Protein chains: 2
Amino acid sequence: MTETGSTDTGKARRSDATRAAILTAARERFAADGYERATIRAIAADAHIDPSMVMRYYGNKEKLFAAAAEFDLRLPDLTGVPREEVGTRLTAHLVDRWEHDDTLMALLRAGVTNQAAAERMRQLFAAQLGPVVAALVADRAEAPLRAGLVATQALGFALTRYVLCLPPVVALDRAAVVAWLGPTIQRYLTGEQDA
Amino acid sequence: MTETGSTDTGKARRSDATRAAILTAARERFAADGYERATIRAIAADAHIDPSMVMRYYGNKEKLFAAAAEFDLRLPDLTGVPREEVGTRLTAHLVDRWEHDDTLMALLRAGVTNQAAAERMRQLFAAQLGPVVAALVADRAEAPLRAGLVATQALGFALTRYVLCLPPVVALDRAAVVAWLGPTIQRYLTGEQDA
DNA sequence: ACTGTAGGCCAACACCTGTTGACATGTCGA
DNA sequence: TCGACATGTCAACAGGTGTTGGCCTACAGT
């Protein structure tokens, strides 16, 4: 394998642009078509290169997806936010994150039929959402459950709005989304189980 | 085409068992693998027949899916239920429906990558959940939106529990699911937008 | 100027897919 | 008994898939 050190800030290689183009095209295809329908050939065509280049740079389709599905939710620190506002704040952030990055869509579409993608999704919520929630709740043992509940609503919203495109859900503007989903997320984060 | 009248209650044909076996196998495969990974060959093997029989009886893969994805939510009439209980009642019913029938799973897994399946899902919520919600809300114009919101939470729960298998969500028992999701559904059905 | 090597393309492979048509078998009415 | 028709099997097709290896070209270091 050619030197691909992750830590070195060495000189840029001539192929870096190509690598990036492949990754971008891969994200778009995986997001639009899911794992199996996103073909290496189509991704290569989008990146204006030969399919064999994809193999050379990323080994195989699985590894390409793994590289393309690297994602950071960039969750804000909610400990400084008034407790009654954390639901709306988190909701607004998630919606924004979803609308400005294909990666989550790729993860969602692929995660439904691909085991590795599903595992990624699990890690995403456990490793990134989990800690943020843990810093918020009184009993830290409750954190994974509460993070999971948030995931049900967040992913369900994304699924119905961006994938299945249920018309009434698509029609909602940002403010309405936050107004409707915010209190739900708030309750999952800070509320009691008994209504 | 052989006589396949939909209205006739004529004598059962010898091939009806085969037809049913194909449909059952198709539902299981579509539910487990999604649309593209569920192959005609695998379905035929499960049904212990030749792949060409699937084609003869259902024409092509698309039509087979259409037949396999026929589904009735069997939603109860909620007009007689105390208003503050409709959320938990609907939640409990949906969970039960989901756990005892592969069809919804097939619809969900396929709907993420297949247009026809997504369209089915849209019709399902519009035609079956819509009216039930409409009978419940004061302003009927709000019904589609409220049904859509219910869909976000219901499908999101199914996605995280049965497809992505987030551990904390999988761990919930039936009572806990109803206790957590019930109030959310209740608010989407009968609550005001401003918390 | 020469050469090694990285970057890129082409053709091919082995496999799997949906789909088709020819052929065998069984069943039931005339 | 015989023939029509439903039921089922087998083999093959045309196209698409991930993946591989050989070949060409241009640039960087000497």
Side-chain angles (χ1 to χ4, degrees), chain A residues 1-5 8 10-26 29-30 32-69 109-110 113-117, chain B residues 1-5 8 10-26 29-30 32-69 109-110 113-117:
Chain A
M1 181 186 291
T2 58
E3 166 98 12
T4 313
D8 74 330
K11 63 208 98 197
R13 301 204 267 137
R14 213 159 27 103
S15 62
D16 285 352
T18 304
R19 287 186 137 86
I22 293 175
L23 226 49
T24 302
R29 283 287 175 177
F30 283 129
D33 299 339
Y35 187 82
E36 20 273 335
R37 289 189 34 194
T39 69
I40 301 259
R41 282 171 165 87
I43 291 169
D46 287 359
H48 303 290
I49 45 113
D50 191 88
S52 62
M53 295 264 70
V54 178
M55 309 303 295
R56 181 175 312 190
Y57 288 145
Y58 293 97
N60 58 31
K61 189 177 181 180
E62 225 176 297
K63 290 181 194 165
L64 170 63
F65 178 81
R109 269 229 167 80
T113 47
N114 182 270
Q115 274 303 317
Chain B
M1 180 188 290
T2 58
E3 167 96 16
T4 314
D8 75 329
K11 63 207 98 197
R13 303 203 267 137
R14 210 157 32 99
S15 61
D16 285 353
T18 305
R19 288 184 136 85
I22 294 174
L23 227 49
T24 302
R29 282 287 176 177
F30 283 129
D33 299 339
Y35 187 82
E36 21 272 335
R37 289 189 33 193
T39 68
I40 301 259
R41 283 172 164 87
I43 292 169
D46 288 358
H48 304 288
I49 46 114
D50 191 88
S52 63
M53 295 262 73
V54 178
M55 308 305 293
R56 187 183 315 224
Y57 288 146
Y58 293 96
N60 58 31
K61 191 178 180 179
E62 227 177 295
K63 291 182 193 166
L64 170 64
F65 178 81
R109 270 228 166 81
T113 47
N114 183 269
Q115 273 304 317

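A note on names: the letters A, B, ... follow the listed sequences, proteins ahead of strands, and every chain is numbered from 1. Worth saying up front: this structure is predicted, and the values here are computed from it rather than measured.
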Starting at [atom1] of [X] and ending at [atom2] of [N], how long is that distance when rounded to a whole Å?
X     : N      : atom1 : atom2 : answer
A:D50 : D:dC24 : CG    : P     : 16 Å
A:R29 : D:dG18 : CZ    : P     : 12 Å
B:M55 : C:dT20 : CE    : C1'   : 8 Å
A:I49 : C:dA6  : CD1   : P     : 18 Å
B:I22 : D:dT7  : CD1   : C1'   : 11 Å
A:R19 : C:dG7  : CZ    : P     : 7 Å
A:D16 : C:dA6  : CG    : P     : 14 Å
B:M53 : C:dG21 : CE    : C1'   : 13 Å

Which part of the nucleic acid, if any, lies within reach of A:Y57 when heavy atoms closer than 4.0 Å are counted: base, sugar-phosphate only, or nothing?
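Answer is sugar-phosphate: A:Y57 comes under 4.0 Å of backbone atoms only.
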
If you define the side chain from C-beta out and look only at heavy atoms, does anything of A:L64 sit under 4.5 Å from A:I22?
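Heavy-atom side-chain distance check passes, below 4.5 Å.
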
Starting at the 5' end of DNA chain D and moving along, which residue's nearest nucleotide shows up first, B:H48 or A:R37?
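Taking each residue's closest nucleotide, the earlier one in sequence belongs to B:H48.
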
If you pin A:I40 and B:R56 to their nearest nucleotides in DNA chain D, which one's is more 5'?
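Taking each residue's closest nucleotide, the earlier one in sequence belongs to B:R56.
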
Output the distance between atom [atom1] ([X]) and atom [atom2] ([Y]), rounded to the nearest 0.5 Å.
X     : Y     : atom1 : atom2 : answer
B:I49 : B:I43 : CD1   : CD1   : 9.5 Å
A:D16 : A:Y57 : CG    : OH    : 8.5 Å
B:R19 : B:R56 : CZ    : CZ    : 10.5 Å
B:E36 : B:K61 : CD    : NZ    : 6.5 Å

Near DNA chain C, counting only heavy atoms under 4.0 Å, which residues of residues 59-69 of chain A show up?
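Heavy-atom cutoff 4.0 Å gives no residues at all.
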
Under 3.5 Å donor-acceptor pair, A:R41 side-chain atoms to D:dG18 base atoms:
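A donor-acceptor contact between them is present.
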
Starting the side chain at C-beta, find the nucleotide from D:dT17, C:dC9, C:dT19 nearest to A:T39.
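That would be D:dT17.
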
Proximal nucleotide (of C:dC9, C:dT19, D:dT7) relative to the B:S15 side chain:
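Nearest to the side chain of B:S15 among the choices is D:dT7.
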
Between A:R37 and B:T113 (side chain of the first, backbone of the second, donor and acceptor by atom type, cut-off under 3.5 Å), is there such a pair?
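Yes, A:R37 side chain to B:T113 backbone: donor-acceptor pair under 3.5 Å.
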
Is it the case that the side chain of A:T39 and the backbone of A:A42 share a donor-acceptor pair, with hydrogens and angles ignored and the cut-off at 3.5 Å?
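Present.
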
May I have the step-by-step check of side chain to side chain contact (heavy atoms under 4.5 Å, CB included) for A:D46 and A:T24, ending in yes or no?
CA-CA 9 Å; A:D46 287 359; A:T24 302; over 6 Å; no

For C:dC9, does OP1 or OP2 lie under 4.0 Å from any side-chain N or O of A:S52?
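Looking at the OP1 and OP2 atoms of C:dC9, neither is under 4.0 Å from any side-chain N or O of A:S52.
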
Look at the side-chain N and O atoms of B:T18 and state whether any lies under 4.0 Å from the OP1 or OP2 oxygen of D:dG8.
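Yes, because at least one side-chain N or O of B:T18 sits under 4.0 Å from OP1 or OP2 of D:dG8.
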
Where is the tightest heavy-atom contact between B:A68 and B:A26, given as atom of each residue plus distance?
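It is CB-CB, 4.1 Å.
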
Applying side chain to side chain contact (heavy atoms under 4.5 Å, CB included) to A:E62 and A:Y35, what does each step give before you reach the verdict?
CA-CA 9 Å; A:E62 225 176 297; A:Y35 187 82; 4.0 Å; yes

Helical bend (five base pairs per end, nearest 10°) for the helix from C:dA1-D:dT30 to C:dA30-D:dT1:
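Inter-axis angle at the termini of the helix from C:dA1-D:dT30 to C:dA30-D:dT1: 0°.
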
